[in-house]
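In what follows, every chain begins at residue 1, and chains take the letters A, B, ... in the order their sequences are listed. Values below: every heavy atom of this structure, side chains too, minus hydrogens, waters and symmetry copies.
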Amino acid sequence: MTPNAFLEHLNPEQLAAVTLPHQSALILAGAGSGKTRVLTTRIAYLIQTGQVSPAGVLAVTFTNKAAKEMLTRITSMLPINPRGMWVGTFHGLCNRLLRTHHREANLPQLFQILDSQDQLSVIKRLMKSLNIDDERFPPKQVSYFINNAKEQGLRANDVEVLDDISLQYRDIYAAYEQQCQREGVVDFAELLLRSYELLSRNEPLRAHYQARFKYILVDEFQDTSRFQYAWLKCIAGKDNAVFAVGDDDQSIYAFRGAHAGNMQTFLSEFAVSKVIKLEQNYRSQSNILDAANVLISHNRERLGKNLWTAEGTGEPIRVYCAGSDHDEAQFIVDEIRALANEGVAQSQIALLYRSNAQSRVLEHALFSAAIPYRVYGGLRFFERQEVKHALAYLRLIANPADDNALLRVINFPTRGVGSRTIEQVQEAAREQGITLWQAACQKGGNAPGKNIGSGKGVPAFVLLIEALRRDTAGLDLAEQVEHLLYASGLVAHYQASKTEADRVENLEELVNAARTFLNEYDGERTEEMPDTLTAFLTHAALEAGERQAGEGQEAVQLMTVHAAKGLEFHTVFISGMEEGLCPHEQSMFEQDGLEEERRLMYVAITRARKRLYLSYAQSRMLHGQVRYGVPSRFLNEIPEKLLKPINAPLKQAEAPAEWEAPRTLRVESESGQAWRIGQNVTHPKFGPGVIIQCRGRGPDAEVEVNFRQSGTKRLALQYAKLSPV
DNA sequence: GTACTCGTCATTTTT
DNA sequence: TGACGAGTAC
């Protein structure tokens, strides 16, 4: 393929972004503006034109899914081995770095990764052994404290101590650090921190990577945390080009550390002279986009951007006022039925809500109506209890020092190792400064040391693990997993259970997962990851797998607004448009909480291609109590002209004051210039803003504009020196 | 070891 | 309301 072939269908802004010379740039990519396309085409273009070799490309994404998607698209454009490129999540890339340089990073090559669950159980165990009151210091808080410190790049020694409480937190952090180091395990935050320390302290290594990665591309840049930004800055150095793609209006993860302010910082620190806005939307019709534009214009903290489409106006946004949450659900069900008659595929219909608890009523109504549906959320494959048990056996085979894995399965399935016995093993390990496995072996092998426990459980366990290690030695990964499932008694345990028999299926699925993994990765064994088993365990920790939900079949899609980011549907229902729910009341306590809620709403609206429903309920069952709701303020922020109330009036009827020119969607000034709701404009005095209302015609035509700096103003077109942006 | 009760709590979530 | 964790009783 010639470079021209994949540049052909790009619009001018996309083309400019794709073909940008070697310099740092910010691409403000609105919803549905072809962001992934730009990113992947740029990589393909750079390689194809010989500006960089695959090995010189570093691309960071936020999810594994996005990384995979990017690789697939690139390899479909170019016949290259993607292995040379570094494409992955921050954590995935850090893992790769640390495996390659484990010695310099002071880690065992086969270090294991703790997911959040594992981290919490390590903390609980640690606190118990230190006799720390978990009422005064809830383990969840402790993990938050540790992750937070790491996110700021702080080791336990660096944490500022203000009082006894923070002293205690710091001490736990220090003990936790030691413990992880001893066990050869690393948590998510540690992956980042450790690799940052590695690069920042090891000058030759840093120079090596800076010389290598000429082109660094970052997806979803608005979701980077402060530390991730620092990491990028470190690896980019002075001379490399960072191509950051993001949308500040879609920043909805501040609560977990995303810092959209990185965009501004990036502009100044990387001396960015090129900001390209991708504003043409290829997804939604203009009523939907205009609503989104006007809504988001109420946010003050913006870089500014306005979506437009060539797709036509489309339908008005339907607004439904329900008496109760049940009514609301019933209304949605009825509409879905009607849509089905119109031929809309069920999988093209999404029901979005702010919080998971809201899905219950909807599910109930769908179920009663026999409409198939899929709920996204809940546990993921590698987070399931039975899968984690099986993985714990694997981890023990790979690394006997993994105390956490040992504790997970020493008595599962039960083999007569009670809590007392476990305590004795822990005590023996602590006294002698050895791992739990070593302590257990003492007991098992009748080696010198205290006699632990009274039963045969511990020796049996030791023998089992040793047998597993021996018997799986010559097998491939899938066979190892399969062998372990039966030899450990896991399968037998679940088969015998009345309530948990369905877990056997997931265990069998784990064998499939291992086989798939083997097929995909085995041919690509590299020096940085020589051990297939550890590679698989890493994969399981870093990539928790699909959210459950029956794949493939036609079904209505239910999910939170957060989960819907990046997706699109023919029809979208946004339910629960009530104050307290959307915007969520909890968000009011947060810094810039309301603006984030508005962005959330913006994301939700821009998921719809053709049809959008907003519904709210006057009463709703919440926490076992009936709550009476008021329509969300966001409804009022959307121009009435774009809305079509389905039943009740949207607002309380206002006393008709003085006569007002009828509101319209568009007006023309006498010069013939057309103005429409949602349009970006600029005024010599008030600066940039967005049109939120249009009234009248001819010489009386006027518009209401929400200016970024000076708020809402009503302007007569005849006099105002307004110009389109 | 399991089955039960009681009390607590209640956004959003990826790695 | 209902899910989950801790603690207790058999």
Check this one for me: any side-chain N or O of [X] less than 4.0 Å away from OP1 or OP2 of [N]?
X: R256(A); N: dT11(B); answer: no
X: R360(A); N: dA3(C); answer: yes
X: N356(A); N: dT12(B); answer: yes
X: T560(A); N: dT13(B); answer: yes

Quickly work out the [X] [atom1] to [N] [atom2] distance and round it to whole Å.
X: H584(A); N: dA10(B); atom1: NE2; atom2: P; answer: 11 Å
X: L120(A); N: dC4(C); atom1: CG; atom2: C1'; answer: 14 Å
X: E135(A); N: dT8(B); atom1: CD; atom2: C1'; answer: 12 Å
X: H562(A); N: dT14(B); atom1: NE2; atom2: P; answer: 10 Å

Does CZ belonging to R125(A) count more than 12 external heavy atoms closer than 6.0 Å? yes
Checking all strands, does E597(A) fall into the base, sugar-phosphate, or nothing category for heavy-atom contacts under 4.0 angstrom? base
Students often get this wrong, so: under 4.0 angstrom with heavy atoms, is D223(A) touching a base, only sugar-phosphate, or nothing? nothing
Taking only the side-chain heavy atoms of F255(A) (C-beta and beyond), determine which of dG1(B), dT12(B), dT15(B) contains the nearest atom. dT12(B)
N/O donor-acceptor pair, side chain T89(A) with base dT14(B), under 3.5 angstrom: no
